[in-house]
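As the structure lists them, so they are numbered: ligands from 1, and atoms in each ligand from 1.
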Amino acid sequence: MNILVTGGCGFIGANFLRRMVPRHPEHQFLNLDALTYAGNPLSLQEIEDLPNYDFAKVNLAHSADTHQVVEAFQPDWVIHFAAETHVDRSIKFPGDFIQSNIIGTYNLLESCRTIWSDQFEGRIFHHVSTDEVFGELGETGAFSETTPYDPSSPYSASKASSDHLVRAWNHTYGLPVKITNCSNNYGPYQFPEKLIPVMVLKGLTMEPLPVYGKGANIRDWLFVNDHVDAIWTVLERGEIGETYAIGGNSERTNLQVVEGICRSLAQLTNSSEDQYLQLISFVADRPGHDFRYAIDASKIREKLGWEPSVTFEEGLHQTVEWYLQNPEWINSVKTGAYREWIDTHYGKGVNS
Ligand code: TYD
């Protein structure tokens, strides 16, 4: 089978490919990635020479390029990870999110509709989405597949739009789609703009750890390999036209997450936890900051038998250890664009 993976140099896509390409030599994988700031080919170094892996640099917002590559590869399955994903960036540069997440998804849907027009049987367009499309929760409750959409940030609104396009292509044209909405991913190879890698990298260099507001906002944390396995499960056994919510069953306040990182950093560097805890610095809150996300993953658990395999504490410790052991990867993402973001975003608000 030919499997097209978009955004395979990004965090979740790269972890998907690193896990699935060696496990499935019977399938041919093609990674389409625009190699924007968050995409790093170094994340795929260990699989790049495998005979069942190939790469093409394509920006999905360019319809002719997208169509040409999709037509040449003739995928049976498409797993659509490619997206701009960072809420803070979406607040500063919303246009990038419209282009990548909405126009990019539309172009990919149209390419698939064209090349699969002879038959949809055996084909899958798997759209990887987020729980942020559902808006925010108060202290109680959880999102499920039937929660009404209520996105709040430019990022979540763009992902909500793409989910609606995917469902419309199924409903209108019969395109064989599956959708997954996941909670906050963490793990190796995550670009240091999201909470966990920002804190790990700043902790490593003993810089202030910038916690927004009071650190009371709550996220559900999903270890990336558990997410990747859930996607494969849905690909193999999920039903066409269905949506599956994927969560890690690990709700934590941001402050709890940062304290956990301090604990792991201290253990792994044989030093005192206090010296890291003292770095915690409360900074200006994110505009429109969603209070809480949580997922009720009973559908995927009951229908497909998937559940997370690691606890948050295990996964977090493994993640911190990975960053400690991979300075080469960290250096490779610290480009001019990265430094510019860190300086403009955190530069003024952080008290050391
Ligand atoms: P993030 O990793 O950006 O994911 P999302 O906003 O999509 O959930 O942020 C996770 C939480 O951590 C969110 O409540 C915002 C908060 N946060 C901080 O407190 N400080 C930071 O430097 C970052 C990046 C996030």
Side-chain angles (χ1 to χ4, degrees), residues 10-12 37-38 83-94 97 101 128-139 143 151-160 181-187 189-205 207-224 227 246-248 250-262 276-277 279-295 312 315-316 319-320 323 333 338 341-352:
F11 163 52
I12 307 175
Y37 76 94
E84 293 284 342
T85 64
H86 187 39
V87 174
D88 295 321
R89 270 184 202 265
S90 82
I91 294 168
K92 293 206 164 88
F93 312 113
F97 289 68
N101 301 357
V128 180
S129 191
T130 166
D131 59 357
E132 299 193 29
V133 298
F134 304 121
E136 69 172 345
L137 292 164
E139 295 285 350
F143 301 131
S152 9
S153 70
Y155 161 63
S156 52
S158 70
K159 285 299 284 188
N181 295 88
C182 65
S183 57
N184 283 58
N185 280 232
Y186 70 101
Y189 304 97
Q190 188 168 29
F191 190 79
E193 63 186 354
K194 301 283 172 71
L195 176 69
I196 290 177
V198 162
M199 299 300 166
V200 176
L201 266 58
K202 285 187 177 290
L204 280 173
T205 48
E207 288 173 68
L209 307 177
V211 175
Y212 297 163
K214 296 192 168 73
N217 297 61
I218 295 169
R219 299 290 182 263
D220 169 57
W221 294 95
L222 172 63
F223 191 56
V224 67
H227 182 200
I246 307 173
S250 296
E251 281 184 55
R252 300 288 184 279
T253 65
N254 292 339
L255 199 53
Q256 286 172 327
V257 173
V258 177
E259 286 167 355
I261 292 169
C262 293
Y276 293 110
L277 289 172
L279 297 172
I280 293 176
S281 169
F282 295 97
V283 301
D285 210 349
R286 169 187 284 170
H289 197 170
D290 284 342
F291 174 61
R292 174 172 165 261
Y293 306 138
I295 290 245
F312 180 62
L316 187 65
T319 303
V320 175
Y323 280 97
V333 298
Y338 167 78
W341 169 254
I342 294 292
D343 289 348
T344 53
H345 187 62
Y346 296 105
K348 291 181 182 72
V350 181
N351 313 308
S352 39

Inset, instruction - Scan side-chain atoms only and decide if Glu132 and Tyr293 contain a donor-acceptor pair under the 3.5 Å cut-off. - result: yes
Inset, instruction - Considering only non-hydrogen protein atoms, determine which one is nearest to atom 8 (O) of ligand 1 and report residue, atom name and distance to 0.1 Å. - result: Arg219 NE, 2.7 Å
Legend entry - Element-labelled atoms of ligand 1 that are located less than 4.0 Å from some non-hydrogen atom of Tyr346: 21 (C), 22 (O), 23 (C), 24 (C)
Legend entry - Residue and atom name of the nearest protein heavy atom (relative to atom 16 (C) of ligand 1), distance in Å to one decimal: Asn254 ND2, 3.4 Å
Legend entry - ligand 1 versus Glu193: contacting region, heavy-atom distance under 4.0 Å: backbone
Legend entry - Sub-4.5 Å side-chain heavy-atom contact between Thr319 and Ile261: no
Inset, instruction - Pick one of side chain, backbone, both or neither for how Val87 approaches ligand 1, counting any non-hydrogen atom pair under 4.0 Å. - result: side chain
Legend entry - More than 12 heavy atoms from other groups under 6.0 Å of NZ on Lys214: no
Legend entry - Side chain to side chain, His86 and Phe93, heavy atoms closer than 4.5 Å: no
Legend entry - Numbered atoms of ligand 1 (with element) below 4.0 Å of Tyr293, judged on heavy atoms: 8 (O)
Legend entry - Cation-pi, Trp221 ring and Arg252 (6.0 angstrom, 45 degrees): no
Inset, instruction - Consider every N or O of Asn184 and every N or O of ligand 1, then say whether any pair is closer than 3.5 Å. - result: yes
Inset, instruction - Name the orientation class of the two ring planes belonging to Phe143 and Phe134 (parallel below 30°, tilted from 30 to 60°, perpendicular beyond 60°). - result: tilted
Legend entry - Heavy-atom closest pair, residues Gln256 and Glu251: OE1-O, 4.5 Å
Inset, instruction - Answer with side chain, backbone, both or neither: which part of Tyr155 has a heavy atom less than 4.0 angstrom from an atom of ligand 1? - result: neither
Legend entry - Met199, Arg252, Arg286: member with heavy atom nearest to atom 3 (O) of ligand 1: Arg286
Inset, instruction - Looking only at protein heavy atoms, identify the closest one to atom 10 (C) of ligand 1 and say how far it is in Å. - result: Leu195 CB, 3.8 Å
Inset, instruction - State the atoms of ligand 1, each with its element, that fall below the 4.0 Å cut-off from a heavy-atom position in His289. - result: 13 (C), 14 (O), 15 (C)
Inset, instruction - Establish, yes or no, whether the cationic atom of Arg89 lies under 6.0 Å from the six-membered ring centre of Tyr37 and within 45° of the ring axis. - result: yes
Inset, instruction - Give the contacting part of Thr85 toward ligand 1: side chain, backbone, both or neither, where contact means a heavy-atom distance below 4.0 Å. - result: neither
Inset, instruction - Taking only heavy atoms of Val211 into account, list the atoms of ligand 1 that are under 4.0 Å away from them. - result: 19 (O)
Inset, instruction - With the side chain counted from C-beta on, respond yes when Asn254 and Tyr212 share a heavy-atom pair under 4.5 Å apart, and no when they do not. - result: no
Inset, instruction - Number the atoms of ligand 1 from 1 as they appear, then name those within less than 4.0 Å of a heavy atom of His86, with their elements. - result: 3 (O)
Inset, instruction - Do me a favour and list the nearest non-hydrogen protein atom to atom 25 (C) of ligand 1 with residue, atom name and distance? - result: Tyr212 CE1, 3.6 Å
Inset, instruction - Please write down residue, atom name and distance for the protein heavy atom closest to atom 20 (N) of ligand 1. - result: Pro210 O, 2.8 Å
Legend entry - Lys194 to Phe11, cation-pi by 6.0 Å centre distance and 45° axis angle: no
Legend entry - Proximal ligand 1 atoms for Glu132, defined as those under 4.0 Å from one of its heavy atoms: 5 (P), 7 (O), 8 (O)
Legend entry - Note, Ser156 side chain near Thr130 side chain (heavy atom, < 4.5 Å): no
